[in-house]
Structures are given as structure tokens and as C-alpha cells.
Amino acid sequence: VTGPCCPCPSPRPHPSLPAGKGSRECSGPTRVQGLCSADASGNSSSEDSPSVFTFLSFAPRNPMKWLDPQTFYFNFDNLQYAYGRYHCYLCFQVEREVNGSLVHVDMGVFVNQSADDNCHVELCFLSWFYAWLSPDERYHVTWFMSWSPCSQCAQQVAEFLKKHSNVNLSIFAARLYHFKDPEIQQGLRTLKRTGVQVAIMYFSDFLYCWNNFVRHGGMRFIPWKGINKNYWILVTTLEEILW
DNA sequence: ATTTTCAACT
Ligand SMILES: [Zn+2]
């Protein structure tokens, strides 16, 4: 019943994460893999130990290669009142430095699977990336997200980057997730302070995603009404959050 | 103009 990569015979709930669902934060896994021998001594760490990589509790999952055009248009629409966007999509690009220039490594798309393990896309990426990244390479990672990160994921990403100084991250968000929430705002500031480029997706970013992550079958990208006006509203909001 | 949002519900 356990995943293939869990050496533990009987997974038990993560000690520091609530079992309940429904939070807008990434409320943690419903099953635990990895971390099995780490805390077997009964030495329960304090409640919100920031040094714990909770993404390690999620089994690595492979990304998708492509988005369908209608999925992209619906989920990356940067409209102000984004009703019904109940999922988050993350298009990523990983490059590495070779003699001072960037070489393509991989790209793909993650979407959270709430029915599966409730893993937010940010942690899906970290779980997947952590499984194969080399400490001897310098990586440049770019995220194009339909929603900006929640506060808990922001903390996790910041911790990850502090412990992996060979990884550089840029985040471009189509929309700002719960931007009036002080904890969300703090999470975005934490990312910036950690060296992450945090920005709003512009026309050229949408076009780039269309060309590289959408199964467009030769169709041209047709921008939606208000794409630029919405961008400027979001940029203003983000600048106020980041100071 | 609205006040949504990495669901939850059948
Ligand atoms: Zn999250």
C-alpha cells in the first residue's frame, strides 16, 4: 500500500502537519514517504520547525509535457476575479550553466492533484527536482505559475534555496494568490529576500508559455481582452507588497 | 461592477 520508494514498513502521519483538508495552504501529505528514519528516536521537533523539508514527504511525481490550449487559456487568464480557477499550474524550465552560458536541461508542467496527495505545485517541483539535482552544477530554474505561491510553499522554497545555493529561481505569476493575506505577502517578501525574482507574467511571458508548454498544433496565441491592463494592476499590487 | 483564490460536492 505504500509507495515504491518508501523504506518504511508502516508510514505514519507527519508530526507537524494537520490532518484536516480545506485550508488554502498546502496542508501536507496524506501519506508519508521518506524522512522515515530521521525522527525515529522520538525526538519530536518543535511544531513549525522551518528546517524541515516537508516536500520530502511527497513522493516525486513526473511532470506533464504539455497543456491543452483551453486549459492554458482558462488557467493563465490574468483577470482580476478569477472564478473557478481551483487548480494551480506550474510551467517550469530548468537550465544549467556551462562555461558561463545556459544550457537547456528540462521543462514541463505540474498541476496540483488535490484528490491524490494535496501537494501544491511548488512542492511537486521541489520533490521532483531534489530527486536528481547535482550539487556540482549551477541551475537556473524558471517558474510560470497560474497562481503565485502560498505562504507555506514560499517558506519551503526559501529553505530549499538556502540549502542549495547552486540553484537560482525566477517566478512569474499570472495572478496573485490571496494577495491581501499578510502571511502570503510575507511569503513573497521572504522569497525576494532569498534572491528569488518574483514578477507578474507579461504578454511576452504568456506568449513564451504558449510556444513552449502548450500543445497548440500550429495555432497562434490569441491574447484575451484586458491582458495588458490586468498586468499593470497586478504589477502595482506586487510592488506594494514587495516595497 | 463583482471580491475570487493549489475545492468539494455529488
Ligand atoms: Zn502552496
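Quick note on labels: first sequence line is chain A, next is B, and so on, each numbered from 1.
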Query raised in the report: Which part of the nucleic acid, if any, lies within reach of L176(A) when heavy atoms closer than 4.0 Å are counted: base, sugar-phosphate only, or nothing?
Result: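 If one applies the 4.0 Å heavy-atom cut-off, L176(A) turns out to touch a base.
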Query raised in the report: With a non-hydrogen cut-off below 4.0 angstrom, is Y89(A) in contact with a base, only sugar-phosphate, or nothing?
Result: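 Here Y89(A) touches no strand at all.
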Query raised in the report: Considering residues at least two apart in sequence or located in another chain, which fulfil the side chain to side chain donor-acceptor pair (under 3.5 Å) criterion with D68(A)?
Result: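 R215(A).
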**Report entry** Residues which pass side chain to side chain donor-acceptor pair (under 3.5 Å) with E183(A), listed by chain and number, not counting sequence neighbours
**Finding:**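 Result, side chain to side chain donor-acceptor pair (under 3.5 Å) vs E183(A): none returned.
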Query raised in the report: Using a side-chain heavy atom cutoff under 4.5 Å and only I, L, V, M, F, W and Y, what cluster partners does Y83(A) have?
Result: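 The other cluster members (ILVMFWY side chains, heavy atoms under 4.5 Å, direct or chained) are Y81(A).
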Query raised in the report: Using a side-chain heavy atom cutoff under 4.5 Å and only I, L, V, M, F, W and Y, what cluster partners does Y86(A) have?
Result: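 Its cluster partners, ordered by chain and number, are none at all.
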Query raised in the report: For Y231(A), does the OH atom sit with more than 12 other heavy atoms under 6.0 Å from it, leaving out its own atoms?
Result: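 Yes.
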Validation: residues 232-243 of chain A side-chain donor-acceptor distances under 3.5 Å, sequence neighbours left out:
{"from": "T236(A)", "atom 1": "OG1", "to": "W232(A)", "atom 2": "O", "distance (Å)": "2.8"}
{"from": "T237(A)", "atom 1": "OG1", "to": "I233(A)", "atom 2": "O", "distance (Å)": "3.0"}

Requested in this report: List for me each residue that meets side-chain contact (heavy atoms from CB on, under 4.5 Å) alongside C88(A), sequence neighbours excluded, and say none if there are none.
Outcome: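 For C88(A) the side-chain contact (heavy atoms from CB on, under 4.5 Å) partners, ignoring immediate neighbours, are N112(A), V121(A), M145(A), S146(A), W147(A).
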Report task. Would you list the pairs meeting side-chain hydrogen bond (donor to acceptor under 3.5 Å, both in side chains) in which at least one residue belongs to residues 199-211 of chain A, sequence neighbours left out? Result ->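 Those involving residues 199-211 of chain A are Q93(A)-Y208(A).
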**Report entry** Closest-nucleotide ordering on DNA chain B, the 5'-leading residue of H87(A) and A82(A)
**Finding:**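 Comparing both residues, the 5'-ward one is A82(A).
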Over how many whole Å does the gap from [X] atom [atom1] to [N] atom [atom2] extend?
X: D77(A); N: dT4(B); atom1: CG; atom2: C1'; value: 13 Å
X: H120(A); N: dA7(B); atom1: NE2; atom2: C1'; value: 11 Å
X: F179(A); N: dT4(B); atom1: CZ; atom2: C1'; value: 10 Å
X: Q185(A); N: dT5(B); atom1: CD; atom2: P; value: 19 Å
X: W147(A); N: dC6(B); atom1: CH2; atom2: P; value: 7 Å
X: L79(A); N: dT5(B); atom1: CG; atom2: P; value: 11 Å
X: I171(A); N: dC6(B); atom1: CD1; atom2: C1'; value: 14 Å
X: N112(A); N: dA7(B); atom1: CG; atom2: C1'; value: 10 Å

Requested in this report: Quote, to the nearest angstrom, the P distance that separates dC9(B) from dT5(B).
Outcome: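 These two P atoms come out 15 Å apart once rounded.
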Query raised in the report: Which value, in whole Å, describes the distance between the C1' atoms of nucleotides dT4(B) and dA8(B)?
Result: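 Pairwise C1' distance, dT4(B) against dA8(B), rounds to 16 Å.
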**Report entry** Of residues 224-243 of chain A, the positions that come close to DNA chain B - non-hydrogen atoms, cut-off under 4.0 Å
**Finding:**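 Hits under 4.0 Å, by residue number: none.
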Query raised in the report: Can H178(A) be called stacked on dT5(B) when the rule is centres closer than 5.5 Å and an angle between planes below 30°?
Result: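 Whether judged by distance or by angle, H178(A) passes, so it stacks on the base of dT5(B).
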Pairs under 3.5 angstrom, nitrogen or oxygen only, protein versus nucleotides 1-3 of chain B, please.
{"from": "dT3(B)", "atom 1": "N3", "to": "Y81(A)", "atom 2": "OH", "distance (Å)": "3.0"}

**Report entry** Result of checking Q155(A), Q156(A), Q152(A) against T54(A) for side-chain hydrogen bond (donor to acceptor under 3.5 Å, both in side chains)
**Finding:**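 So, applying the side-chain hydrogen bond (donor to acceptor under 3.5 Å, both in side chains) to T54(A) and each of Q155(A), Q156(A), Q152(A), only Q156(A) qualifies.
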Report task. Please check the phosphate of dA7(B) (OP1 and OP2 only) for any side-chain N or O of N118(A) closer than 4.0 Å. Result ->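 Answer yes for this pair, as a side-chain N or O of N118(A) is under 4.0 Å from OP1 or OP2.
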Query raised in the report: Checking R61(A) against F110(A): charged group under 6.0 Å from the ring centre and within 45 degrees of the axis?
Result: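 No, R61(A) and F110(A) do not form such a contact.
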